[in-house]
Amino acid sequence: MASKNRDKEVWFVPKRANVHQMIALLHGIIKRNYDGTTWNTSKQDTLNLELKNLGATKSGNKIAPQGMRTLLASVHYLGFVYLDNTTTPTTLRVTKAGYVFYATHKEELKTMDKLTKGLTIDCSESILSQMSKLQITNPIILPHCENVYVFPFRVTLHMLKRLNYLDMEEIAMFVFRTRDMSEIEYKISEIVNFRNLDFEYRAKLVDQYKKTDIGNLTLKKAPSAGYFMAFCMGTGIFTRSEITTNARNKVGTISIKDNSNEWVNALLEFHKDTKVFDFEDDLILWINYFGNPERPFPPTLLTISNGIENELYIEILDNQDNIIDTTILNANDKCTTPVFENELYVINIYNITDGTLIFSKKFTAIKFQKIKIDTQLISKSAIGGSKEFFLSYSTLETEQLIEEILEHSASKNFSEKMHVKLRLLATKLGIDKTKDKSLRGAQYEYLFYLLLSQLKRRKIIDEVIWNGKLGTYNLPSQAPGGKTGTPDIIFIVNDVRYVLELTTIKGKSMQFQAEGSSVPDHIKLYQEKYPNVTVKGIFCAPLIHDRVHAVINSILIQEKIPLISIADEELLDVLNSNTKEELIEKLESKFL
């Protein structure tokens with residue numbers, strides 16, 4: 001386990017790398033049908049007993065619980081099993097790579113008294129395959145490692161091709177510090193310089209490194225550099241030896257076997273254009289790549305761009321008709337989804353207005369593929385159904401936006417236009433947001449933001465900032481609320497910053513409860529953040545209650561911040577101005 005405070009921009013390696021024990025552990029998991037079951041300490045102890053019965057421990061007895069945890073970490077690290085934290089409680093799962101690894105060696109797994117040289121399985125083509133694909137950083141080791149984007153085994157092979165060998169000190173001090181594939185040549189130069197140091201100075205440098213937290217972890221106490229060398233040895237293409245660095249010290253080395261050079265050259269050539277993929281915390285995507293022996297490359301991003309004025313519902317399916325991604329794509333916007341090269345996919349595009357399929361196409365994924373949706377594509381591919389399409393909110397004209405805001409404000413939940421989209425989500429995905437109060441408030445903010453954005457484009461206002469955002473399925477989410485939250489919207493006209501706070505709540509008591517303290521807090525905090533600018537507050541709702549206004553205003557008067565409370569229909573009349581001068585005149589008249 002990595003120290004919580006250690007430097008994370010260095011390779012992470014679990015501290016157990018015994019191939020025979022990995023196979024024995026998989027044997028126990030598969031024999032006892034633990035694949036797909038809840039993982040707990042009781043099962044860990046049972047598997048420990050399986051190891052003892054097979055003689056797959058150095059002593060022939062059970063190993064310490066910490067040893068079992070590191071053994072599980074090693075098969076986790078190599079993608080043979082994974083702990084699925086997308087379930088509650090966590091589920092233990094064996095991957096396709098794990099089943100291949102076990103099937104290859106299960107007949108070799110003999111019962112013995114203890115791990116015995118000559119009878120132990122020391123290497124495997126499955127280890128070689130997984131090490132060749134391993135990427136750091138990945139979701140499994142994300143708690144221990146970050147901002148590192150390399151294929152560590154391929155980095156090591158590149159260096160060995162140039163340096164002939166790597167010793168444990170070089171691996172710990174330089175190789176483990178390679179954070180990007182572009183740094184390989186630089187790290188090689190560092191190692192060459194290190195080798196040219198005289199023995200005494202090299203020893204001093206190593207001793208100083210061992211005194212650091214990361215040096216203690218990688219080179220001194222159960223050194224992770226040694227375990228990485230053991231993982232490399234498990235591939236079967238390396239040989240170990242020692243070099244003398246000074247009169248007192250011998251250091252272990254690894255080098256490529258002579259009969260493996262051709263294979264190494266072919267691997268590096270095969271992957272010369274393979275790019276590291278940022279999996280972030282997407283465990284399932286990582287397992288879909290790393291846990292599948294048939295996928296040599298990480299995913300690539302498919303870009304879909306919508307070149308028309310309408311929102312579209314899009315599905316991407318794999319060759320088993322499983323939906324791997326869905327989205328609602330805004331007009332003139334684009335999205336990306338990970339796909340695997342040379343595999344067959346289907347893109348389906350639906351008309352949001354009536355849910356009809358208007359385009360479907362099979363395609364084989366290639367690197368950085370792009371699909372553009374245009375009017376010609378849609379018109380040629382429409383399959384029956386309505387000829388009307390869901391016009392994106394971002395493309396509505398001023399009058400249309402005003403009408404939409406007022407319909408939304410007057411409705412119990414959403415306007416009919418918004419209901420169309422939400423009904424599609426309920427039909428296609430079973431996601432029912434038709435009564436989502438938070439979404440109702442977010443949509444209100446979003447519509448006002450779009451209207452103000454139009455005023456900015458027409459140079460009637462100078463700037464508009466919405467602290468909410470568009471998220472999944474092109475649905476808005478509100479600006480962060482609460483006493484320490486941020487204002488909903490800020491718009492700037494000349495040197496005045498108007499803080500616009502919005503609510504769809506109509507009832508007096510509920511409006512007071514929800515907005516009575518948060519609205520003045522947001523406006524005050526904004527003024528404190530920008531003390532040298534003129535700030536004015538606007539509280540807008542479908543209905544304004546004198547009591548709510550009085551409470552909010554009494555707080556802001558103490559801060560000398562002007563405030564108006566205004567019904568949305570009245571505010572929309574103010575915003576529906578043709579010039580900046582007209583807007584200022586209308587707006588400022590409300591503050592008198």
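The first residue in the sequence is number 1, and the count goes up from there.
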Above 12 or not: heavy atoms from other molecules or residues under 6.0 Å from [atom1] of [X]?
| X | atom1 | result |
| --- | --- | --- |
| Y449 | OH | no |
| K161 | NZ | yes |
| E294 | CD | no |

Exercise. Is E343 salt-bridged to R295, going by a charged N under 4.0 Å from an acidic O?
Worked result: yes
For this session: Answer yes when E404 and K417 have at least one side-chain N-carboxylate O distance shorter than 4.0 Å, and no when they do not.
Result: no
Exercise. What class does the angle between the rings of W286 and F279 fall in, given that below 30° is parallel, 30 to 60° is tilted and above 60° is perpendicular?
Worked result: perpendicular
Exercise. Parallel, tilted or perpendicular: which fits the ring planes of W11 and F176, with parallel below 30° and perpendicular above 60°?
Worked result: tilted
Does a donor on one side chain and an acceptor on the other come within less than 3.5 Å for [X] and [Y]?
| X | Y | value |
| --- | --- | --- |
| Q443 | R440 | no |
| H408 | Y444 | no |
| D84 | T91 | no |
| K372 | N306 | no |
| E146 | T137 | no |
| Q478 | D488 | no |
| S411 | N413 | no |
| E108 | H105 | yes |
| T90 | N85 | no |

Short question: side chain of [X], backbone of [Y] - any donor-acceptor pair under 3.5 Å?
| X | Y | value |
| --- | --- | --- |
| N330 | D333 | no |
| T300 | K367 | no |
| T120 | D122 | no |
| K106 | F101 | no |
| K257 | G236 | yes |
| Y77 | F12 | yes |
| Q454 | T398 | yes |
| T353 | F390 | yes |
| T70 | A73 | no |
| N351 | T356 | no |

For this session: For side chain to side chain contact (heavy atoms under 4.5 Å, CB included), just list the numbers for T95 and V81, CA-CA rounded to whole Å, side-chain angles, deciding distance to a tenth of an Å, and then say yes or no.
Result: CA-CA 5 Å; T95 66; V81 305; 5.9 Å; no
Problem set entry | Sub-6.0 Å ring centroid separation between F290 and F297 | no
Six-ring centre of [Y], [X] cation under 6.0 angstrom, axis tolerance 45°:
| X | Y | answer |
| --- | --- | --- |
| K43 | Y34 | yes |
| K362 | Y345 | no |
| K428 | Y313 | no |

Exercise. Step by step, would you call E125 with T104 a side chain to side chain contact (heavy atoms under 4.5 Å, CB included)?
Worked result: CA-CA 9 Å; E125 286 191 7; T104 302; over 6 Å; no
Looking only at heavy atoms, what is the nearest atom pair of [X] and [Y], with distance?
| X | Y | answer |
| --- | --- | --- |
| W466 | E445 | NE1-OE1, 2.9 Å |
| L26 | G98 | CD1-O, 3.7 Å |
| V75 | L25 | CG2-CD2, 3.8 Å |
| A365 | V339 | CB-CG2, 3.7 Å |

Exercise. For F151 and T274, what are the C-alpha separation, side-chain angles and deciding distance, and is it a side chain to side chain contact (heavy atoms under 4.5 Å, CB included)?
Worked result: CA-CA 10 Å; F151 298 102; T274 303; 4.0 Å; yes
Exercise. Among F231, F153, F228, which one satisfies ring-ring contact (aromatic ring centres under 6.0 Å, His included) with F238?
Worked result: F153
For this session: Go through the steps to decide whether K334 and I304 satisfy the test side chain to side chain contact (heavy atoms under 4.5 Å, CB included), and finish with yes or no.
Result: CA-CA 5 Å; K334 62 183 178 181; I304 303 169; over 6 Å; no
Problem set entry | Derivation and outcome, ring-ring contact (aromatic ring centres under 6.0 Å, His included), residues F340 and F277 | CA-CA 11 Å; F340 290 96; F277 185 87; 8.5 Å; no
